[in-house]
Amino acid sequence: MQNRRYTIGLLAANIVDTFSNSISKGAMRAAKRLDVDLIIFPGKYLGLQHKYEEHDTKYEYQYNVLFSHAAEAGLDYIIAPVGSIAYAVDDEGKKRFLDSFGDTPVLSVCAESEDHDFLQFDNRSGVAAAVDYLASRGRKRIAILAGDLRNSECAERYEEYRLGLERNGIPFEDRYLCECDMAYDSKPDCDRLLDNNPDLDAVVCVNDIVAQNLYESLADRGLEAGSDIAVVGFDDLPMSKHLDPPLASINADAELLGERSVEKAVNYLNGVEDDCHYISTKFIPRASCFSNVRFMSSPQKIFSGSNDEIYRNIREYVNEICDTPAEGERVFSRVINVFKAYQDTFVKKVADEADMQRITELTEQYFTNSETLSDGILKLSSVIGGGFIWLLRNCKGENLSYVTKLYDHFGGRLNGSKSAEELNDAFMQRVHNDNIFIRDALMLGGDLKQSYGNILKRLCNIGAMTSFLFTLEQPVTVKLNGSFPKGMSWRFRSYCYGSQSYIVPEEEQEISMRDIFKNEHVVMNRQHIFIAADLYTAENQYGMALLEPRDDEFFGELELATYQLSSAVRTLDILKEQDNLLAEVHSRNLALEEMSMIDELTQVFNRRGFYMAAGELINANKGGRFIICYADMDDLKIVNDTYGHAEGDFCIRLTGKCLGAAMGEAAVIGRMGGDEFAAIVLKQEDLSIEDISARKESFIAGFNASGSRVYSYSSSLGILEYTCENSYDLKEALDKADGLLYEDKSRKKAQKRKNK
């Protein structure tokens with residue numbers, strides 16, 4: 001029995017792509033049901049460096065740094081759809097990718113693995129059914145756009161295609177095989193296949209996107225899928241049924257794949273054996289495999305021709321999409337009953353409010369009542385939309401307002417969407433919310449620390465309930481084909497619950513990659529689903545955000561959020577660097593300013609520095625009593641002439657040290673020129689003129705007694721107490737001290753003459 005909530009990572013290749021989007025939805029659904037935390041890491045594709053060099057995707061390789069973060073995150077389990085992320089990489093490359101997650105248990109999805117548990121679609125059954133279907137309709141020259149045969153799933157589909165041809169006695173020729181890009185760049189491959197095989201009557205495609213490109217290649221040659229060449233896709237993406245003609249495809253339920261992946265992860269972590277490795281697929285025949293079924297080319301064509309033809313079209317279509325004859329008959333009965341009621345009410349006569357009420361109740365009963373709603377009705381969304389369009393075109397003019405009102409009320413619900421007015425309002429609201437987020441994400445003020453919180457505040461408007469912002473200590477440069485360094489230093493900058501943002505205190509910001517997903521602000525007593533947003537610009541990685549989506553609609557906002565957060569964090573980094581540079585310049589200016597006030601020889605203040613420092617001392621103690629002195633060395637000229645100027649410089653430095661020893665550490669001392677010095681200190685009870693004079697004489701006596709020089713050193717001092725209010729008082733006091741110095745030197749000279 002687990003005593004904590006598991007944290008499972010899901011890697012995704014471009015979450016806005018249909019497959020990654022669907023597998024993420026299924027994984028989210030299972031995570032909520034099984035009460036586990038889910039972290040989605042939406043990167044891009046591996047092995048496509050040559051594509052990243054194109055201008056519009058030049059730096060998209062940076063998204064794959066998220067996979068490196070997942071490897072260091074200390075997750076309990078990682079789900080890696082390697083068949084999607086690394087579809088362009090060979091099996092050895094896929095193995096290296098799976099092994100990069102170290103000791104973390106990994107589920108390989110859409111690619112079989114010898115060293116890891118795996119889950120993938122049963123590629124064979126769907127392809128077998130498709131080839132059998134084509135053969136039963138008389139197709140004899142069936143080619144395949146096979147994708148990359150280094151990809152194990154592509155190889156399995158190709159192998160089953162070959163077995164299907166053999167089983168149906170259809171010869172294979174080498175020209176029928178065309179390996180191709182598996183995404184939107186596959187059109188040149190489609191062109192090549194058609195140019196090399198002008199006699200084809202069917203093509204099996206590795207996926208629906210390739211099939212869509214094949215439609216374009218056929219149209220370029222004046223050909224039509226279904227009429228001239230049968231086309232089969234794989235994945236049964238939502239867009240498939242809306243192509244013209246609707247695309248026959250092999251249904252591979254990516255949401256179910258995501259859901260089962262999370263179930264396998266939880267079973268593993270709970271020690272429950274789970275030997276499921278395959279998700280079944282099912283061939284869905286549609287108009288791209290029929291040339292003789294008129295209504296299949298588009299849902300609207302069901303409602304063309306006479307009433308009897310419309311009824312026949314509806315019956316044929318319903319029988320195709322329903323799983324059993326009983327379900328088909330039940331659904332057909334409801335659709336026909338409502339269609340006839342609409343005809344009788346809005347096409348054959350002028351309706352009134354009573355008619356409108358009756359039709360509304362009938363529609364509610366047959367199509368939207370939860371007790372009568374069936375899976376078959378849900379499959380009819382596009383057909384029901386086509387029926388409303390037919391009704392709008394054929395109703396009496398007086399009934400147009402009733403039909404419009406009916407469509408706005410039911411049409412959107414039956415199609416799984418909203419009315420035109422609701423769609424427009426929702427679109428305008430989304431644009432407004434996006435603009436507000438863009439605006440406020442870049443409203444960076446002077447307080448950089450607070451700005452890290454402000455850029456998250458509006459994320460709730462576009463669907464992120466909570467958000468967490470982490471930056472690297474320093475941006476990291478990651479070049480194409482380079483790797484993100486391990487063990488980087490991270491900073492937890494801010495977090496946001498709803499629109500309330502919080503700044504993490506400076507002393508608590510340092511965080512490891514493992515703690516990013518388990519810190520006290522993230523780990524709360526409820527289940528979480530997060531999407532990791534990679535924050536980068538060009539070659540520079542700045543950090544990562546964790547965003548908790550309100551629902552899967554946030555997937556459509558993720559790129560906007562990522563770009564804006566990246567831009568905001570980069571701007572903050574630039575502003576931080578600017579502040580650092582300004583601080584450095586200021587520090588250097590202070591150092592230069594200080595250097596300009598220091599005497600180079602003695603390292604005490606020069607004349608300018610002395611007056612500035614002394615002025616600050618006086619301003620801080622206005623009207624106070626100060627001891628002020630003026631001093632110089634005795635007989636400097638004799639030392640210079642006898643022992644040289646270097647020795648004279650030594651004596652000048654010694655005079656500054658002597659004055660410092662006499663005046664104390666609190667004194668301001670400056671060299672006024674030559675061997676002359678000035679000093680000022682605030683008068684204290686334990687400091688007197690006599691004390692200073694005595695310390696001066698003690699310093700001189702100690703130096704001379706040391707015998708370090710052959711001559712005796714001596715200096716003179718003029719000293720007094722003075723009350724100072726400003727610099728003028730200081731100047732006056734120094735003049736008087738200078739006079740006292742002169743008197744001291746005169747007494748010494750007189751004493752020397754007397755001693756001779």
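Salt-bridge formation is not detected for the pair Asp691/Arg695: no Lys NZ or Arg NE/NH1/NH2 atom is positioned less than 4.0 Å from an Asp or Glu carboxylate oxygen. Using a 4.0 Å cut-off between charged side-chain N and carboxylate O, Glu725 and Lys622 make no salt bridge. Using a 4.0 Å cut-off between charged side-chain N and carboxylate O, Lys44 and Glu559 make a salt bridge. Salt bridge absent: Arg653 and Asp649 never bring a charged side-chain N and a carboxylate O closer than 4.0 Å. Between Arg607 and Asp599 there is no salt bridge, since no side-chain N of the basic residue sits under 4.0 Å from a carboxylate O of the acidic one. Ion pairing between a basic and an acidic side chain is recognised when a charged N comes within 4.0 Å of a carboxylate O; Asp99 and Arg96 show no such pairing. With respect to Lys486 and Glu72, no salt bridge is recorded, no charged nitrogen being found less than 4.0 Å from a carboxylate O.
Between Phe530 and His528, the ring-plane angle classifies as parallel under the 30° and 60° cut-offs. Between Tyr502 and Tyr495, the ring-plane angle classifies as parallel under the 30° and 60° cut-offs. Using cut-offs of 30° and 60° on the angle between ring planes, the pair Phe492 and Phe468 is tilted.
Heavy-atom contacts from other residues, nucleotides or ligands closer than 6.0 Å to CD of Glu721 number more than 12. Other residues, nucleotides and ligands contribute at most 12 non-hydrogen atoms within 6.0 Å of the NZ atom of Lys657.
Because its NZ or CZ atom is both nearer than 6.0 Å to the ring centre of Phe650 and within 45° of the ring axis, Arg709 counts as a cation-pi partner of that residue.
What you find for Arg671 and Val604 is that their closest heavy atoms are N-CG2, 3.9 Å. In plain terms, the two heavy atoms of Ala538 and Gln62 that are nearest each other are O-NE2, 2.8 Å. The shortest non-hydrogen separation linking Gly9 to Phe41 is CA-CE1, 4.2 Å. Taking each heavy atom of Met633 and Ser714 in turn, the nearest pair found is CG-O, 3.6 Å. Here the closest non-hydrogen pair linking Asp744 and Leu717 is OD2-N, 3.0 Å.
Side-chain N/O atoms of Arg493 and Gln509 include a donor and acceptor closer than 3.5 Å. A donor and an acceptor atom, one from each side chain of Asp534 and Gln541, are located under 3.5 Å apart.
Side-chain contact between Leu75 and Ile8 is absent, with no heavy-atom pair separated by less than 4.5 Å.
Of the candidates Ile628, Leu720, Ile719, Lys736 forms a side chain to side chain contact (heavy atoms under 4.5 Å, CB included) with just one, namely Leu720. The side chain to side chain contact (heavy atoms under 4.5 Å, CB included) test with Asn704 is passed by exactly one of Tyr711, Tyr713, Phe699: Tyr713.
For residues 672-684, the set of pairs meeting the side chain to side chain donor-acceptor pair (under 3.5 Å) definition, not counting sequence neighbours, comprises Tyr630-Glu676.
Checked by atom type and distance alone, the side chain of Asn640 never pairs as donor or acceptor with a backbone atom of Tyr643 at under 3.5 Å.
Rounding to the nearest 0.5 Å places CG of Leu10 at 10.5 Å from CD1 of Ile529. Atom CG in Leu565 sits 15.0 Å away from atom CZ in Arg570 (nearest 0.5 Å). The structure places OG of Ser467 at 9.5 Å from CD of Glu548, a figure rounded to the nearest 0.5 Å.
With sequence neighbours excluded, no residue forms a ring pair (Phe, Tyr, Trp, His ring centres under 6.0 Å) with Tyr563.
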Salt bridge (charged side-chain N to carboxylate O under 4.0 Å, His left out) between Glu506 and Arg491, worked out: CA-CA 9 Å; Glu506 188 79 23; Arg491 307 286 290 179; 2.8 Å; yes

